[in-house]
Amino acid sequence: MPEYLHDFPAFGPLTAWYQELKSEGRIDQFLSNAKSEVVEWKHAEFAWYPEIPFAEELYGRKWSKETSDTIPHGLDSQGRLVFLEQLLITAYCHHPNLIQCVKVLRSPRGNWDLQAATHILVNEDGKPLHVANIMDYRSSLNTFEYEDGRLARLISTNFEHPNIGHTDSTELPIQESDRLTKEFVYNSDGHVESGPEAYWSY
């Protein structure tokens with residue numbers, strides 16, 4: 001197993017980006033750019049994160065006509081999620097084969113508290129293949145495997161490491177804390193019969 005976080009290809013650029021986001025004004029810029037892409041707001045009872053495809057596999061994506069007690073989703077001109085407003089603000093920037101994501105909270109002092117930075121590597125159909133997620137003291141790498149165009153399994157590995165937010169170095173020794181593999185089983189109607197519940201690593 002690799003000894004350092006940057007030894008994982010998925011974490012190399014993400015580690016540097018996470019540290020850049022700690023610079024003054026970078027989070028505000030990212031949030032502003034993401035929100036400027038919103039052309040339509042839709043509401044739902046649950047948050048439909050693109051990095052958690054099995055939620056849609058299990059429950060189906062359903063939009064609500066209600067605007068109270070629901071979660072507003074900001075969609076861009078291609079119907080992709082770019083801004084999600086809850087207590088935790090989530091914003092996305094879409095690139096070819098890559099989606100960048102930040103999750104932030106407003107601190108009591110009024111500035112943004114970075115909760116997580118994520119790189120979502122997607123296939124030609126826009127489905128996530130690898131989701132690398134970094135927080136100060138821990139990170140996760142989630143791999144999604146598909147068979148016949150359907151989600152077949154999720155392999156999620158969590159790591160612990162020194163506080164990345166307090167260093168400019170990418171030489172961060174890591175230790176695997178746990179690994180989870182979940183299989184999906186489909187019934188004759190093509191619906192998910194079993195699989196991971198609303199599991200995520202942060």
Side-chain angles (χ1 to χ4, degrees), residues 1-2 7-14 17 34 37-65 70-86 88 90-103 116-135 139-159 176 178-202:
M1 172 185 153
D7 290 334
F8 289 89
F11 282 119
L14 179 57
W17 185 52
E37 294 293 320
V38 175
V39 299
E40 181 182 19
W41 290 94
K42 289 188 175 183
H43 291 252
E45 184 179 353
F46 302 102
W48 295 112
Y49 299 108
E51 65 269 33
I52 312 181
F54 52 74
E56 188 166 350
E57 296 279 352
L58 286 171
Y59 310 118
R61 178 174 297 193
K62 298 177 182 178
W63 298 116
S64 173
K65 295 181 180 179
T70 55
I71 301 170
H73 294 62
L75 308 179
D76 67 7
S77 60
Q78 298 183 51
R80 304 174 301 189
L81 180 65
V82 290
F83 208 83
L84 192 63
E85 291 195 79
Q86 302 181 87
L88 184 72
T90 307
Y92 297 88
C93 180
H94 294 261
H95 307 277
N97 303 119
L98 171 67
I99 305 171
Q100 291 180 301
C101 169
V102 299
K103 289 179 168 63
T118 304
H119 274 178
I120 308 164
L121 305 178
V122 300
N123 62 18
E124 62 275 7
D125 297 322
K127 294 181 178 179
L129 297 173
H130 304 284
V131 178
N133 175 70
I134 283 185
M135 292 167 284
S139 303
S140 64
L141 182 62
N142 298 275
T143 298
F144 298 95
E145 297 181 354
Y146 300 85
E147 295 176 0
D148 299 323
R150 299 191 304 190
L151 187 59
R153 68 190 54 84
L154 158 68
I155 304 168
S156 180
T157 308
N158 292 312
F159 306 95
E176 183 176 318
D178 62 81
R179 180 176 296 189
L180 171 73
T181 299
K182 290 287 188 178
E183 301 282 342
F184 288 87
V185 177
Y186 293 81
N187 60 28
S188 58
D189 295 328
H191 297 122
V192 174
E193 189 172 90
S194 67
E197 297 303 319
Y199 167 86
W200 200 237
S201 53
Y202 59 92

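Only heavy atoms go into these numbers, but all of them, side chains included; no hydrogens, no water, no symmetry mates.
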S.K.: Could you pull out all donor-acceptor pairs under 3.5 Å where a side-chain atom in residues 38-46 meets a protein atom, sequence neighbours excluded?
M.R.:
unit_1, atom_1, unit_2, atom_2, d
His43, ND1, Thr70, OG1, 3.1

S.K.: Would you name the heavy atoms of Ala117 and Trp17 that are closest together and state the gap between them?
M.R.: CB-CZ3, 3.9 Å
S.K.: What I'd like to find out is whether the side chain of Leu121 reaches to under 4.5 Å of the side chain of Leu98, using heavy atoms alone.
M.R.: yes
S.K.: Heavy atoms only: give me the nearest Leu84-Pro72 pair and the separation to one decimal.
M.R.: CD1-O, 3.5 Å
S.K.: In sequence, state the C-alpha distance, the side-chain angles, and the governing distance for Arg153 and Glu147, and then conclude on salt bridge (charged side-chain N to carboxylate O under 4.0 Å, His left out).
M.R.: CA-CA 9 Å; Arg153 68 190 54 84; Glu147 295 176 0; 3.0 Å; yes
S.K.: Closest heavy-atom contact between Ser139 and Met135?
M.R.: OG-N, 4.3 Å
S.K.: Counting C-beta onward and ignoring hydrogens, is there a side-chain heavy-atom pair between Ser156 and Arg179 closer than 4.5 Å?
M.R.: no
S.K.: Is there a donor-acceptor pair closer than 3.5 Å between any side-chain N or O of Asp76 and the backbone N or O of Gln78?
M.R.: yes
S.K.: Hey, could you give me the CD1/CZ distance between Ile155 and Phe144, rounded to the nearest 0.5 Å?
M.R.: 10.5 Å
S.K.: So among Tyr49, Phe83, Trp63, which one has a ring-ring contact (aromatic ring centres under 6.0 Å, His included) with His73?
M.R.: Trp63
S.K.: Test salt bridge (charged side-chain N to carboxylate O under 4.0 Å, His left out) on Glu145 and Lys127; report intermediate values, then the result.
M.R.: CA-CA 10 Å; Glu145 297 181 354; Lys127 294 181 178 179; over 6 Å; no
S.K.: Measure the shortest side-chain to side-chain distance between Val122 and Ile99 over non-hydrogen atoms and say whether it is less than 4.5 angstrom.
M.R.: yes
S.K.: Mind checking whether Trp48 and Ile71 have side chains closer than 4.5 Å, heavy atoms only?
M.R.: no
S.K.: Is the backbone N or O of Leu81 less than 3.5 Å from a side-chain atom of His94, with the two atoms forming a donor-acceptor pair by type?
M.R.: yes
S.K.: To the nearest 0.5 Å, what is the distance between CD on Glu183 and CG on Leu151?
M.R.: 10.0 Å
